[in-house]
Amino acid sequence: MSPRSPRLTENAMPLQRPLLVLVLLLAAATAAQAGDLLVGNKSGDRVWRLSPRDGSRIDEFRTSQAPHEIAVASHGRFALVSDYGHQTSGNTLSVLDLAGGKPAHRIDLGEHSAPHGVRILPGDRQAVVTTEGSASLLLVDIEGASVEKVFHVGPGVGHMVAVSPDARHAYVSKIAAGTVSRIDLHGAEKALERRAGKGAEGIAVRPDGAEVWVTNREDGTVTVHDPGTLAIKRRTTSKEFPIRVVFTPDGHHALVTNAGAANLAVFDTRTKLQVVQVELAQEHFQYRDTMLGRAALPIGVIVDPRQPRAYVAISGADRIAVIDTQTWKLVDHWPTGREPDALAIVPHAAVMSAPGR
């Protein structure tokens, strides 16, 4: 709802009246508008910025090769993108200027290649990044553009990373090992590693920090772990290549993309039962070749914190599926660049300063 406008008195100065009206209009526009959507186009080496109103492209950022994951600073002025690489592994993070629209610059990770999962820590000064080439989790100084600390997570393809609400621990999923690891970010070594399931990949911490959820793509399962011990509290089915998991802001639902089945499974986080399944494939659509054949291949998923909407990257279609989270209905499709995957939402504070606004 728009803020209530104070009554303008007859005694208002001529210059004050239009200025006050302008301020109120801007405030109303700001309150009504959610943040923009960032889409990483892996085969296009670009990140697109889309309007939440209609999916129109507002801006485009060139990254290094194969942008795989995106993290946005809490103030919304910049984003970090992991440059995974194509035929050869990358070893950089692209830093996107979301407020000024300047060309991206790079953070060189040196010997640590194939960066993938990335999360910015509270304060927006540091980030954690998984690097498959060096089997590590890096603590990166963003402003200093340097690697502060290296946590060796060991073999098994450490892929995605999630962070506890207090930012004391990071959780890393390992695809080949089928495990989840917990790293004490204030310590020196990896703290703990436990079994999750075959092909452990997607990972997320519930907003209240009480659980860690992992999608095990080869098992067709989702495991729910205790954040302290990593013991499995519950194992539930999510068929055909569950690849990502995210939570709604209130923590009541977990959304899982099943890449092989081309659907979005919605779980009640209290009962751990699937309550909704949203079909994402469309009959007669000409999908392109993907790692699972000529298919829709939904991967990245994110929930808008300001409006009842979720977005899913349909990698085999070069578009975004828009889902109403009140009805759990597919309501729109937005075009993207080539092979969309990573998704992020720009916090509202940075929207009004974006180029072209």
Quiz item: Looking at Lys272 and Glu211, does any basic side-chain N land under 4.0 Å from a carboxylate oxygen?
Solution: yes
Exercise. Would you please classify the geometry between the His75 ring and the Phe78 ring as parallel, tilted or perpendicular, with 30° and 60° separating the classes?
Key: perpendicular
Expected list for residues 103-112: side-chain donor-acceptor pairs under 3.5 angstrom, two or more places apart:
| residue | atom | partner | partner atom | Å |
| --- | --- | --- | --- | --- |
| Arg106 | NH1 | Ser94 | OG | 3.2 |
| Asp108 | OD1 | Asn91 | ND2 | 3.4 |
| Asp108 | OD1 | Gly110 | N | 2.7 |
| His112 | ND1 | Ser134 | OG | 2.8 |

Quiz item: Which atom pair, heavy atoms only, marks the closest approach of Gly300 to Thr257?
Solution: O-CG2, 4.5 Å
Practice problem: Determine, step by step, whether Ile58 and Asp36 satisfy the side-chain contact (heavy atoms from CB on, under 4.5 Å) criterion, reporting the C-alpha distance in whole Å, the side-chain angles of both residues, the deciding distance to 0.1 Å, and the verdict. | Solution: CA-CA 9 Å; Ile58 297 167; Asp36 299 335; 3.7 Å; yes
Quiz item: If you take all heavy atoms of Ala196 and Ile232, which pair is closest and at what distance?
Solution: O-CD1, 3.9 Å
Exercise. Check the pair Arg294 / Gln286 against side-chain contact (heavy atoms from CB on, under 4.5 Å), numbers first and verdict last.
Key: CA-CA 8 Å; Arg294 192 172 289 271; Gln286 296 299 310; 5.6 Å; no
Quiz item: Does atom NZ of Lys233 have more than 12 heavy-atom neighbours from other groups under 6.0 Å away?
Solution: yes
Quiz item: Any donor-acceptor pair under 3.5 Å linking the side chain of Asp226 with the backbone of Thr229?
Solution: yes
Quiz item: Transitive ILVMFWY cluster of Leu139 at side-chain heavy atoms under 4.5 Å: who else is in it?
Solution: Leu121, Val128, Leu137, Phe151, Val153, Val161, Val163, Val172, Ile183, Leu185
Practice problem: Using the test side chain to side chain donor-acceptor pair (under 3.5 Å), find all partners of Asp124 that sit at least two apart in sequence or belong to another chain. | Solution: Ser74
Quiz item: CD/Gln65 to OG1/Thr88 distance, rounded to the nearest 0.5 angstrom?
Solution: 5.5 Å
Quiz item: In terms of side-chain geometry, is the basic nitrogen of Arg306 or Asp304 positioned less than 4.0 Å from the acidic oxygen of its partner?
Solution: no
Quiz item: Considering residues at least two apart in sequence or located in another chain, which fulfil the side chain to side chain contact (heavy atoms under 4.5 Å, CB included) criterion with Gln277?
Solution: Asn263, Gln274, Glu279
Practice problem: Keeping the roles fixed (side chain from Thr179, backbone from Arg195), state whether a donor-acceptor pair exists under 3.5 Å. | Solution: no
Quiz item: What residues form a side chain to side chain donor-acceptor pair (under 3.5 Å) with Trp334, not counting sequence neighbours?
Solution: Asp332
Quiz item: Would you call Lys174 and Glu201 a salt bridge, taking side-chain N to carboxylate O under 4.0 Å as the test?
Solution: no
Quiz item: Among Leu37, Leu96, Val39, Leu98, which residue meets the side-chain contact (heavy atoms from CB on, under 4.5 Å) test with Arg49?
Solution: Leu98
Exercise. Check the surroundings of atom NZ in Lys198: do more than 12 heavy atoms from other residues, nucleotides or ligands lie under 6.0 Å from it?
Key: no
Self-check item: Expected output: side-chain Asp141 to main-chain Gly144 donor-acceptor under 3.5 Å
Solution: yes
Quiz prompt | Main-chain N/O of Thr271 paired with Arg234 side-chain donor or acceptor, under 3.5 Å | solution = yes
Exercise. Using a cut-off of 6.0 Å, state whether more than 12 heavy atoms not belonging to Arg288 lie near its atom CZ.
Key: yes
Quiz prompt | Selection residues 205-232 - residue pairs positive for ring pair (Phe, Tyr, Trp, His ring centres under 6.0 Å), sequence neighbours left out | solution = Trp213-Phe247
Quiz item: Can Ile323 and Trp328 be said to form a side-chain contact (heavy atoms from CB on, under 4.5 Å), step by step?
Solution: CA-CA 6 Å; Ile323 296 163; Trp328 297 112; 4.2 Å; yes
Exercise. Could you tell me whether a side-chain N or O of Asp318 sits under 3.5 Å from a main-chain N or O of Glu339, the two making a donor and an acceptor?
Key: yes
